[in-house]
There are 2 protein chains.
Amino acid sequence: MTRAGANLTLTTSRALVLDFVRSAGPISRVELATLTGLTPATMTNVMRQLLTDGLVVEVGRDLSTGGKPRVLLDINPTARFAVGIQLGADSLTYVVTNLGGAIVGRLRTRGAEDSPPVAVISRMAGRAKQLIEDLGIDGQAVIGVGLAAPGSMDLDKGVLLAPPTLGQWSEYPLRDELEAAIGLPVLLDNDGTTSAVGEFWGGDVPDASTMCAVYLGAGIGAGILIGGTVFRGASSNVGELGQMWMTAPHSGAAPDTLERVAGPAGVAAAVRRALDAGAESSLELGGTDPIADFTLIATAALLGDPVAVAAITHSAQDLAEAVLIAANLFDLDFVVLAGPSVAIAGSMYVEIVQKRLDEGFFAKRRHGIEVRLSTHATDAAAVGAAALVLQHQLAPRSFGS
Amino acid sequence: MTRAGANLTLTTSRALVLDFVRSAGPISRVELATLTGLTPATMTNVMRQLLTDGLVVEVGRDLSTGGKPRVLLDINPTARFAVGIQLGADSLTYVVTNLGGAIVGRLRTRGAEDSPPVAVISRMAGRAKQLIEDLGIDGQAVIGVGLAAPGSMDLDKGVLLAPPTLGQWSEYPLRDELEAAIGLPVLLDNDGTTSAVGEFWGGDVPDASTMCAVYLGAGIGAGILIGGTVFRGASSNVGELGQMWMTAPHSGAAPDTLERVAGPAGVAAAVRRALDAGAESSLELGGTDPIADFTLIATAALLGDPVAVAAITHSAQDLAEAVLIAANLFDLDFVVLAGPSVAIAGSMYVEIVQKRLDEGFFAKRRHGIEVRLSTHATDAAAVGAAALVLQHQLAPRSFGS
DNA sequence: CTCGCTTAATAAAGTGCCCAAAGAAAGCCG
DNA sequence: CGGCTTTCTTTGGGCACTTTATTAAGCGAG
């Protein structure tokens with residue numbers, strides 16, 4: 001609980017500059033100096049370090065404005081790489097990203113399901129190392145592994161706590177075991193949080209924004225970023241949108257949590273009820289796997305099937321209510337929707353959530369609030385996990401104690 | 001939007017140490033050094049400044065642990081003072097606090113009502129100066145004025161935006177006018193936020209906590225503090241609990257916002273409906289002023305009147321649902337209830353909210369969450385406004401950009 | 001009571017980051 | 001080609017903090 005009173009700036013100037021280079025594309029030293037508030041002299045020194053480390057490269061020169069033209073600098077994307085792994089019961093997603101947060105390699109395998117953790121861990125380590133090798137990446141350039149998981153967790157210990165779909169993993173020393181198996185630093189975090197970081201690091205999110213990334217998978221979680229810094233609350237179990245009790249204003253149904261009402265299983269169940277009641281629809285659900293059913297429904301919704309459209313619309317409206325509440329509590333100005341559930345009919349979700357916020361957002365007299373689809377949709381959590389590693393190692397940020 | 005890359009630590013070490021002295025009571029240099037992470041040598045230097053400024057004083061010595069006994073240091077409460085003013089339509093509360101955040105003077109007058117802002121401003125300046133003089137406080141020791149107001153505001157400009165009960169004040173240059181009239185720096189902020197800061201500065205809130213102060217006045221707003229730092233979101237319009245749409249699970253009523261359902265007016269209306277329906281009760285409501293009615297109801301509830309108990313219970317249950325949502329989104333570990341509405345029946349509110357959180361809080365496996373009544377109840381916002389000035393001037397904190 | 005031991009606090013010297021100002025480099029323009 | 005503008009780098013100094021060394025203040029054994 002001790003706070004670093006000293007040499008906080010040591011790493012921070014580098015981090016600050018690197019972050020601006022990353023986000024502001026090719027940029028000159030002069031501009032960086034004014035943006036960061038550092039003097040040109042300091043800029044020279046900091047930049048020299050970044051250049052010798054290979055993190056930044058000169059990429060050309062600007063037009064002259066009457067004197068010596070500015071040298072443009074940009075991130076050297078291939079200087080470092082990070083691995084992102086998303087752990088799920090139904091699937092494991094592996095991603096390798098470069099320094100810019102762009103995907104350079106990708107792999108999806110069957111999930112953790114009922115396999116014992118030990119086996120899954122060694123499988124993960126093997127697959128990740130294989131992927132790096134296949135891509136022809138120098139192992140030295142890989143700085144770490146990010147691991148995204150759903151539900152509640154203890155980040156200090158690096159363990160999951162009673163994950164609903166990964167029962168065996170509760171309290172299992174996930175992070176430490178993977179670290180040992182793979183020989184790289186491992187960072188565990190929530191899928192909502194990693195999605196948010198991924199969007200910030202890779203996308204064009206304004207640096208000063210207060211953003212929320214909603215991850216819609218089997219569950220519904222959210223990560224919050226304040227000016228690019230992860231908001232962690234008391235124990236990093238932040239953004240539990242899915243646990244919110246809804247009374248589904250339009251459906252008239254009994255109160256239930258957002259996750260159960262608006263998640264894939266809830267949508268599938270609603271459609272099944274409608275079909276059983278004889279609704280007109282071309283849909284035929286398998287009935288065994290709610291995720292597969294949801295995919296069918298989302299696709300049908302895009303094609304205009306009325307039952308599917310109604311189900312997706314209701315799901316999005318429920319989500320919109322929850323997001324509105326979060327927006328009013330956090331005073332957000334940016335919302336990103338991510339995860340497999342918005343991979344197909346994401347545009348419908350975005351439109352409905354945006355509309356609700358435009359109507360009901362409390363601070364709308366002060367500023368707008370933009371809703372956007374994640375640039376990585378299904379892979380958002382894995383890509384974000386990799387970005388989390390990049391941010392943590394190269395541009396560490398924190399606030400609070 | 002430039003970030004200070006440099007001399008951020010200059011003021012910060014002093015601030016850090018002062019903050020620990022304030023919160024950890026009489027404490028030695030050695031302990032401070034380990035708490036802050038500074039070396040004993042630095043501690044000596046920082047402390048020398050604080051001592052010469054008079055902010056801290058030596059108050060004795062600890063028992064020896066085998067060597068030279070530690071010198072104990074503590075805040076010098078009378079070194080500085082701050083003024084806190086709460087602006088309301090129905091009342092104006094003035095408070096003067098010392099450096100420790102304790103009230104040393106207090107005054108309540110009629111509210112802003114329909115008076116033109118210019119008149120109210122000059123009245124405020126006059127009353128505040130009079131209060132300082134009456135207390136025999138040296139004007140030099142007063143470092144500023146904090147101003148708490150309800151609703152949406154633009155802190156950069158120092159104006160209120162469309163306040164429901166203070167129509168004339170919308171866009172009026174409140175902060176600047178008061179600053180000019182009173183000749184002291186003025187800090188404007190939301191009543192929820194100031195309440196939170198007041199509780200943190202004056203009370204014994206753990207330094208690392210993620211806390212939320214819910215201010216229950218005519219409206220319902222909340223301020224959020226992360227490790228003692230105000231969480232501001234995109235535009236400081238954070239914590240809008242009152243705008244949350246409720247469906248009042250137990251009441252069966254139509255959806256309405258928390259503010260209207262669970263606020264004083266909502267409670268008064270509910271009781272009136274019950275009485276009209278012939279419920280058994282000793283209550284007699286005036287009917288003109290919902291605040292006065294609410295006070296009667298809260299008092300009756302404490303005495304066991306069934307209609308009053310039911311109304312207050314419902315109000316608290318609605319509030320509890322909203323607080324639970326906020327707790328799950330922010331991963332809180334501390335909730336403070338403040339404001340006139342909890343001045344009387346606060347214990348009932350605390351109990352019901354605490355119970356709901358114990359049941360439904362998502363991260364309860366990780367850590368507890370404590371609900372507490374504000375130490376200042378009705379005056380919380382004004383006391384907090386003064387504390388905000390103290391914190392801002394003496395121990396500035398911030399995160400984000 | 002005094003000498004040795006322990007812990008607290010201060011002093012002095014050194015390190016590292018940043019800034020300010022002056023100088024060097026690189027292009028425009030007559 | 002030399003003045004001019006703008007960019008970038010070098011140099012010297014300041015400041016906060018650290019490390020190392022010294023002084024201060026109490027305890028306890030003989």
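Chain identifiers are assigned alphabetically (A, B, ...) following the order of the sequence lines, protein sequences preceding nucleic acid strands; residue numbering begins at 1 within each chain.
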Look at [X] and [N] and indicate whether a side-chain polar atom (N or O) is within less than 4.0 Å of OP1 or OP2.
{"X": "B:Ser28", "N": "C:dA8", "answer": "no"}
{"X": "B:Arg29", "N": "C:dA8", "answer": "no"}
{"X": "A:Arg61", "N": "C:dG27", "answer": "yes"}
{"X": "B:Thr39", "N": "D:dC17", "answer": "no"}

Rounding to a whole Å, what distance do you find between [X]:[atom1] and [N]:[atom2]?
{"X": "B:Arg14", "N": "D:dC17", "atom1": "CZ", "atom2": "C1'", "result": "16 Å"}
{"X": "A:Leu72", "N": "D:dC8", "atom1": "CG", "atom2": "C1'", "result": "14 Å"}
{"X": "A:Arg70", "N": "C:dC28", "atom1": "CZ", "atom2": "P", "result": "15 Å"}
{"X": "A:Leu38", "N": "C:dC17", "atom1": "CG", "atom2": "C1'", "result": "11 Å"}
{"X": "B:Ile27", "N": "C:dA8", "atom1": "CD1", "atom2": "P", "result": "13 Å"}
{"X": "B:Leu73", "N": "C:dA8", "atom1": "CG", "atom2": "C1'", "result": "12 Å"}
{"X": "A:Lys68", "N": "C:dG27", "atom1": "NZ", "atom2": "P", "result": "8 Å"}

Check: [X]/[Y] side-chain N/O donor and acceptor closer than 3.5 Å:
{"X": "B:Asn237", "Y": "A:His367", "answer": "no"}
{"X": "B:Ser28", "Y": "B:Asp62", "answer": "no"}
{"X": "A:Thr78", "Y": "A:Asn98", "answer": "no"}

Knowing that exactly one of B:Val57, B:Val59, B:Leu51 qualifies, which makes a side chain to side chain contact (heavy atoms under 4.5 Å, CB included) with B:Leu73? B:Leu51

Can you list, in residue-number order, the parts of residues 40-49 of chain B that come under 4.0 Å of DNA chain C, counting heavy atoms only?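 Nucleic-acid contacts, sorted: B:Pro40, B:Ala41, B:Thr44, B:Arg48.
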
Evaluate B:Leu55 against B:Arg14 for side-chain contact (heavy atoms from CB on, under 4.5 Å), listing each step before the verdict. CA-CA 11 Å; B:Leu55 295 173; B:Arg14 275 180 55 121; 3.7 Å; yes

Please confirm whether B:Arg232 makes a cation-pi placement over A:Phe330, using NZ or CZ under 6.0 Å from the six-membered ring centre and within 45° of the ring normal.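 Relative to the ring axis of A:Phe330, which defines the angle, B:Arg232 lies outside at least one limit.
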
From B:Trp201 atom CH2 to B:Ser23 atom OG, the distance as rounded to the nearest 0.5 Å: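 Result: 9.0 Å between the selected atoms.
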
Among C:dC19, D:dC17, D:dC8, the one nearest A:Val71 by side-chain distance: D:dC8

